[in-house]
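Data first, discussion second: the structure below is written as structure tokens.
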Number of protein chains: 2
Amino acid sequence: MTRLDDTLKASKAPAIARAAAVLRLLGKRGSPMGVQSIARELGLVPSTCLYVLRALVAEELVAFDADTKRYALDAGVLTLARAWLRRDQFNDLAQPALDRLAREFGITTLGVQVFGLDHIIVTAMSQSGQNFQLSTQVGSRFPALVSATGRCIAAFGNYPEDDLRLRFEHLRWDDAPSWEDWRAQVEEARETGVAVDAGNYIAGVTVIAAPVWKGSGSPSHALIAIGIGAALRSGLPRLKEALRGAARSLSEQLEG
Amino acid sequence: MTRLDDTLKASKAPAIARAAAVLRLLGKRGSPMGVQSIARELGLVPSTCLYVLRALVAEELVAFDADTKRYALDAGVLTLARAWLRRDQFNDLAQPALDRLAREFGITTLGVQVFGLDHIIVTAMSQSGQNFQLSTQVGSRFPALVSATGRCIAAFGNYPEDDLRLRFEHLRWDDAPSWEDWRAQVEEARETGVAVDAGNYIAGVTVIAAPVWKGSGSPSHALIAIGIGAALRSGLPRLKEALRGAARSLSEQLEG
DNA sequence: GAATGTTATTCTATATATTGAATGACAAGG
DNA sequence: CCTTGTCATTCAATATATAGAATAACATTC
């Protein structure tokens with residue numbers, strides 16, 4: 001709400017910010033919505049909201065049910081996602097590595113893209129089992145500082161401690177670590193190049209993350225391994241080493 | 001180009017049409033582009049194009065490389081696609097049927113959404129063999145009237161013959177059928193409820209399609225089966241029957 | 001190293017997208 | 001049946017997004 005207002009004020013093309021907000025809202029809800037409720041939710045003027053929706057319908061990004069007068073996301077968004085998936089360099093390079101790690105250790109692996117201190121987006125995934133619906137997980141968003149990835153981002157992002165703390169306070173964990181413990185774990189991640197979340201984020205689940213750089217500065221991506229804590233115990237050191245190696249090799253390939 | 005101009009004139013939120021055009025262009029290219037070349041390609045004023053891009057960057061739909069001053073699609077588009085995939089009714093219902101058919105007949109199956117006479121978008125997919133980059137195919141666009149699906153759409157869409165002919169002339173096939181042959185096949189599809197493309201669209205590949213209705217009017221979706229022509233020959237009648245049955249059952253479920 | 005062709009970006013007047021009130025359509029409730 | 005509330009949609013006045021020229025920062029070429 002405030003975020004949308006801020007973006008609107010600053011931009012020279014506010015209609016686009018409105019459109020994106022509408023798309024995200026429709027995505028979050030899932031169920032079709034009417035003009036009025038969308039407008040109310042986003043703090044938009046109904047008439048403006050109507051024009052935005054009509055434009056989005058014309059672009060096939062939003063579907064309009066003429067009977068119920070309800071709007072929902074349309075398949076057009078898929079086409080954009082496919083185009084992105086086909087061409088993203090990190091994704092292409094990460095997928096084989098993720099598949100290999102998932103198979104070798106019998107775990108689930110993810111590739112994520114980091115958006116500053118704000119959030120990460122899952123862009124690639126591999127699972128040892130036979131499951132498919134996997135691809136549905138791609139595109140998920142998580143807060144940046146949560147779980148193992150969060151420790152990586154804190155360790156290598158060069159962010160002011162105050163910013164970290166502010167964000168840290170608002171995270172949701174199954175079993176939240178204290179600020180001091182977390183800082184220590186971040187420090188350890190900085191030294192070893194791998195971060196571990198042993199059941200903090202999701203009880204009983206161990207998450208390991210290693211940062212990937214596309215250029216200098218903060219890490220742009222990360223590789224993640226997820227496994228049941230108990231089953232992982234013995235192989236953990238080997239997995240950490242493998243994940244760090246894969247991340248380093250990826251960073252090198254992305255440099256060129 | 002003309003299409004964009006038309007959309008712009010009519011709309012009360014032209015920035016959104018521009019934004020969508022930019023996203024699609026960036027998707028088609030894959031490689032990052034500069035402001036100027038994007039503007040030139042789309043017939044936009046460079047300054048306006050810059051504002052559009054900045055707005056899209058703020059929404060994380062477009063990534064900006066500050067060094068090269070180039071723009072490309074960003075991972076934000078994934079999040080929208082995921083939201084759509086999770087909630088689309090046709091997709092949820094179609095996936096199990098597609099999986100079953102793919103396994104039983106050892107073929108590839110698709111679920112598509114129909115956008116009038118213009119195009120179709122692949123929204124679900126199943127493959128008998130080892131599934132790899134499958135999910136990458138989801139989101140693909142094809143001309144509406146091509147292959148087996150095209151015959152379905154022509155048969156059940158109630159479109160004026162002139163419109164059909166006009167579109168038909170511009171299709172690209174490996175081995176294009178004559179207008180008369182095609183009309184006859186469309187007629188057959190209308191009678192049997194299934195359309196077959198025996199090597200016209202892609203040489204050596206047989207494509208079968210059955211229409212799915214979400215309401216009354218034109219079919220909104222279709223189920224597609226794809227197999228190597230030679231391998232399919234004997235099982236073809238059974239497959240046609242199975243596909244038609246699955247499509248009918250889906251239509252009934254979507255009604256409620 | 002000056003010149004020329006690119007770029008991305010800023011600036012400002014004006015066409016126009018946005019607003020907020022008004023309209024019409026519909027459903028629920030008395 | 002009339003009222004009341006909510007809905008989508010239209011309309012006209014005005015705040016503002018956009019266009020086009022001007023600027024600035026580069027390369028590339030001579």
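Just so we're on the same page: letters track the sequence lines, and every chain starts at 1.
- Checking A/R167, A/R172, A/R165 one by one against A/E169, the salt bridge (Lys or Arg N to Asp or Glu O under 4.0 Å) holds for a single residue, A/R165.
- To the nearest 0.5 Å, atom CD1 of residue B/I16 and atom CD of residue A/E59 are 8.5 Å apart.
- Applying the ring-ring contact (aromatic ring centres under 6.0 Å, His included) test to residues at least two apart or on different chains, the pairs with a partner in residues 37-92 of chain A are A/F64-A/Y71, A/F90-A/H221.
- Rounded to 10°, the angle separating the first-five-pair axis and the last-five-pair axis of the helix from C/dG1-D/dC30 to C/dG30-D/dC1 equals 30°.
- Salt-bridge formation is not detected for the pair B/R87/B/D92: no Lys NZ or Arg NE/NH1/NH2 atom is positioned less than 4.0 Å from an Asp or Glu carboxylate oxygen.
- With respect to A/E41 and A/R29, a salt bridge is recorded, a charged nitrogen being found less than 4.0 Å from a carboxylate O.
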Atom pairs under 3.5 Å: protein N/O with N/O of nucleotides 7-11 of chain D:
unit_1 : atom_1 : unit_2 : atom_2 : d
D/dC7  : OP1    : A/R40  : NH2    : 3.3
D/dC7  : OP2    : A/R40  : NH2    : 3.4
D/dA8  : OP1    : A/V35  : N      : 2.9
D/dA8  : OP2    : A/Q36  : N      : 2.7
D/dA8  : OP2    : A/Q36  : NE2    : 3.3
D/dA8  : N7     : A/Q36  : NE2    : 3.4
D/dT9  : OP1    : A/K69  : NZ     : 3.4
D/dT10 : OP2    : A/R54  : NH2    : 2.8
D/dC11 : N4     : A/Y51  : OH     : 3.3

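- Within the structure, every side-chain polar atom (N or O) of A/R18 is placed at least 4.0 Å from both OP1 and OP2 of C/dA17.
- Residue B/Q113 comes nearest to A/D74 through the heavy atom pair NE2-OD1, 2.9 Å, listed as atom of the first residue, atom of the second, then distance.
- Rounded to a whole Å, the CD1 atom of B/I16 is 17 Å from the P atom of C/dT16.
- Computed from coordinates, the A/D67 CG to C/dC26 C1' distance equals 15 Å when rounded to whole Å.
- A salt bridge does not link A/R248 to A/E252: none of the charged side-chain nitrogens sits closer than 4.0 Å to a carboxylate oxygen.
- With contacts defined as side-chain heavy-atom distances shorter than 4.5 Å, the pair B/E60/B/V77 does not qualify.
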